[in-house]
Every structure is written in structure tokens, then in C-alpha cells.
There are 2 protein chains.
Amino acid sequence: MGDSPADSSLRAFMGYDMKRAFTAIQSDVNATLQPFGLRMLTFSVLTVIRDNPGLRQSRLAEVLMIERPNLVLILDELEGMDLVTRTRARDDRRAYELKVTLKGRRLCDRAGQAVAEHDARMARGLSAEERAALHRALRQIESNGRSSDDAGEISRP
Amino acid sequence: MGDSPADSSLRAFMGYDMKRAFTAIQSDVNATLQPFGLRMLTFSVLTVIRDNPGLRQSRLAEVLMIERPNLVLILDELEGMDLVTRTRARDDRRAYELKVTLKGRRLCDRAGQAVAEHDARMARGLSAEERAALHRALRQIESNGRSSDDAGEISRP
DNA sequence: GATATTGATTACAAGACATAACTGTTTTCG
DNA sequence: CGAAAACAGTTATGTCTTGTAATCAATATC
């Protein structure tokens with residue numbers, strides 16, 4: 001039952017270890033959120049709206065780094081569950097202001113707690129320092145990735 | 001251009017930080033591998049076969065935790081590029097023995113080096129200890145995820 | 001006031017992943 | 001031995017996540 005040294009050279013790469021850890025977390029978090037009718041993605045959206053009432057879809061898409069079109073279905077879903085509301089902005093009638101309903105706020109709180117507990121379980125065996133170091137490392141990597149966005153690609157004429 | 005504190009509460013969750021870091025790595029690695037005609041997934045497959053000549057598809061699928069049917073297309077692709085060969089096993093005529101061609105070996109080496117360089121770029125700002133700690137943390141999380149596979153689900157009668 | 005820009009949407013395609021069902025081969029064991 | 005179960009690989013199919021192009025209405029620009 002051990003994949004022994006079969007993938008040992010891949011283990012040297014960050015991407016591989018990261019993918020495996022992320023897959024583990026992702027599927028586990030999704031299982032955790034299922035009783036709430038949420039997924040990792042919908043939970044993220046819900047949480048950001050909760051923290052930023054009146055947020056608009058474009059901005060939300062920016063924050064979560066997802067494309068606007070993809071957000072539409074997610075919001076349809078959350079709106080259909082009576083967790084968020086889309087109301088036209090007074091000052092700009094093509095935009096929507098997003099808010100979380102009372103029901104949404106309650107669900108978000110309970111789900112957030114479940115995810116936190118789940119995180120603790122997934123981090124068993126790691127000290128508080130190690131967990132903090134993990135977060136730092138992940139953010140550093142993310143920001144390194146961002147900066148190479150423009151650098152890489154094609155040298156523009 | 002800063003998503004400021006908009007997603008600050010999500011940042012407390014491992015899954016969120018992990019997803020963002022992983023997405024960054026993934027897209028960057030794929031860009032790195034594109035000149036070689038590879039993706040993260042095909043590169044992983046190629047590398048494991050390279051390290052385990054004669055490996056069979058079922059075992060390969062196990063090692064990489066992907067479903068057998070999905071492996072078929074990937075191997076078709078790699079075989080079509082003359083990077084790997086499928087040869088019927090003498091002792092078991094329903095199985096294939098997978099091997100990497102000379103061309104495949106060369107490509108794998110060059111691609112592997114490119115990915116290693118890329119990893120170094122993505123890990124800028126992290127000391128050797130921090131990088132080692134990251135790998136340790138990721139594996140710990142992965143293994144914590146594994147163990148909850150049976151625990152979670154349904155208590156079997 | 002015509003033109004461009006923007007917010008949200010629709011329609012569509014590609015990729016990763018999972019499941020069920022099928023072919024052919026090997027193993028099991030009554 | 002020979003039927004039944006197990007196994008390697010495949011096909012067909014569906015879902016989920018993500019990305020791009022094009023559309024529509026409203027606003028901004030000049």
C-alpha cells in the first residue's frame with residue numbers, strides 16, 4: 001500500500017508535493033462543507049461577500065482571481081439558496097451590490113467553524129510555528145508567481 | 001491592484017492559501033513545460049516511468065493517484081510523441097510494460113531541469129530550511145488527509 | 001450626441017477527474 | 001478439467017472547474 005520510492009524524484013518538486021497536499025485538503029474540505037450545501041469555492045465567495053458588504057461582482061472576481069463569467073453561476077447558486085442578495089447599485093445601474101442574508105451569515109459562521117476544525121485536523125503533527133511558516137511560504141510562492149506573470153510570456157515589442 | 005484586506009479572513013484557512021499558491025505554481029510550471037510539449041501531468045507520468053522501467057499502467061495509476069481510464073489518454077499522447085512505449089508483458093499478456101524511449105529520456109531530463117529552475121524561481125525568498133520545512137509540512141498534510149479517508153465517510157457495519 | 005468603456009451575462013470549449021460497462025486474459029477452486 | 005471470479009486495459013460518458021469570445025445594457029469620454 002506504499003507507493004514506496006516510485007515517485008521519489010517527483011517529490012523533489014514543489015509542484016508535485018503541493019498538488020498532492022492540495023488535493024487532499026480540497027477533497028476533505030469539500031466533504032466537510034457538504035452538509036452545509038457548500039463547496040470550497042462557494043464558501044470562499046460567501047465569506048468574502050460577508051466581509052465586504054456591497055461588493056460588486058467584478059471586484060469579487062478580482063479578489064478571488066476567478067473569471068467574471070464563472071462567478072455568475074456561483075452567485076446564482078448562492079442567491080438561489082437565499083444566502084446572498086444581488087441588488088442593483090443606485091449610483092451605477094448596471095452593477096450589483098452583493099450582500100449576505102441573515103441566513104447566509106449564520107451558515108457562513110457555522111461552516112467557517114467547521115472548516116477551521118477541519119484545518120486543525122489536517123495540520124496534526126505540525127507545531128504552531130510550522131503552521132505559521134507554511135502560511136508564510138505559501139504566500140511567498142504565490143507572490144513570486146504573480147511577479148513572473150509579466151516577466152515570462154513574450155517580450156512585448 | 002491590491003486585494004487589500006478583502007480576503008483576509010480566508011487567509012486564515014490553509015485550503016485557501018494552498019489553492020492560491022498551487023494555482024500559481026501550476027500555471028507557471030505548465031508554461032515552463034509548454035516548450036517541451038508537456039504539461040505538469042504528462043511530465044509526472046513521464047518521470048515516474050523513467051524511474052520505474054517496466055512499470056504497468058495500474059501501478060502507475062496507483063502511484064500518481066489517478067484513475068486508470070484517465071491514464072489511457074495520457075499514455076496515448078506520450079506514446080504518440082515517441083516518448084514512451086507500451087509493450088505487452090511476456091508473463092501476463094493483458095498487461096503492458098511501460099518504458100521511456102531515448103528521446104523520452106532526453107526530453108525528461110531537459111524538462112526536469114527546467115522545472116527545477118522554475119521551482120527555484122518560485123521559492124525565491126525562502127531559505128533552504130524554509131523550503132525543506134515546506135516539503136515536510138506538505139507531506140504531513142497529505143498523510144493526514146489519507147488517514148481520514150477511511151475515518152470520515154460512513155462507519156461501515 | 002457618437003463612440004468607447006464597463007458590469008454582468010450568455011454560449012461555448014478545454015482540461016482534469018470520476019464511474020460504469022466491456023474485452024480479453026489469468027487465476028481460483030469445486 | 002472447466003466454470004466463475006478477478007484483473008489489465010480500454011471505451012463511453014458525465015461532472016466540475018476554468019477560460020475565451022461575443023452580447024446587452026448602462027455609463028463615461030470627448
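These figures come from a predicted structure and were not determined experimentally. Values reported hereafter were calculated over all heavy atoms of this structure, with side chains retained and with hydrogens, waters and symmetry mates removed. Reminder, nothing fancy here: chain letters follow the sequence lines and each chain counts from 1.
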With side chains defined as the heavy atoms from C-beta onward, is the minimum distance between A:Arg20 and A:Thr23 less than 4.5 Å? no
Please give, in whole Å, the distance from C:dT10 P to A:Leu75 CG? 12 Å
Is the shortest side-chain N/O distance from A:Ser58 to OP1 or OP2 of C:dA8 below 4.0 Å? yes
Distance test, side-chain N/O of A:Gln57 to OP1/OP2 of C:dT9, below 4.0 Å: yes
Whole angstrom is fine here: how far is it from CZ in B:Arg59 over to P in D:dC7? 15 Å
Sequence neighbours left out, cut at 3.5 Å: what donor-acceptor pairs do the side chains of residues 64-72 of chain B make with other protein atoms?
none

Per A:Ala95 side chain, nearest of listed nucleotides C:dA8, D:dT18, D:dA12: C:dA8
Phosphate OP1/OP2 of D:dT17 contacted by B:Lys19 side-chain N/O (<4.0 Å): no
Over how many whole Å does the gap from B:Leu71 atom CG to C:dT19 atom C1' extend? 16 Å
Could you state the CZ-P distance from A:Arg20 to C:dA16, rounded to the nearest angstrom? 17 Å
Rounded to whole Å, please give me the gap between CZ in B:Phe22 and P in D:dT17. 15 Å
Please report the interatomic distance NZ(A:Lys19) to CZ(B:Phe22), rounded to the nearest 0.5 Å. 4.5 Å
Euclidean distance, atom CZ of residue B:Arg68 to atom P of C:dC17 [Å, nearest integer]: 14 Å
B:Tyr96 ring centre to B:Arg56 NZ or CZ under 6.0 Å, with the angle to the axis within 45°? no
May I ask you to say whether A:Glu97 pairs ionically with A:Arg59, meaning some side-chain N is under 4.0 Å from a carboxylate O? no
C:dT9 P sits how many Å from A:Ile74 CD1, rounded? 12 Å
To the nearest Å, give me how far apart CZ (A:Phe43) and P (D:dT17) are. 16 Å
If you assign each of A:Val72 and A:Thr23 to its closest nucleotide in DNA chain C, which residue comes earlier from the 5' end? A:Val72
Map A:Glu97 and A:Asn70 onto DNA chain C by nearest heavy atom, then report which one ends up closer to the 5' terminus. A:Glu97
Could you tell me whether A:Asp109 and A:Arg50 have a side-chain N and a carboxylate O separated by less than 4.0 Å? yes
Positions of residues 85-94 of chain B (non-hydrogen atom under 4.0 Å from DNA chain D), listed by number: B:Arg86, B:Arg94
In short, ring pair (Phe, Tyr, Trp, His ring centres under 6.0 Å) pairs touching residues 28-84 of chain A with sequence neighbours left out are A:Phe43-B:Phe13
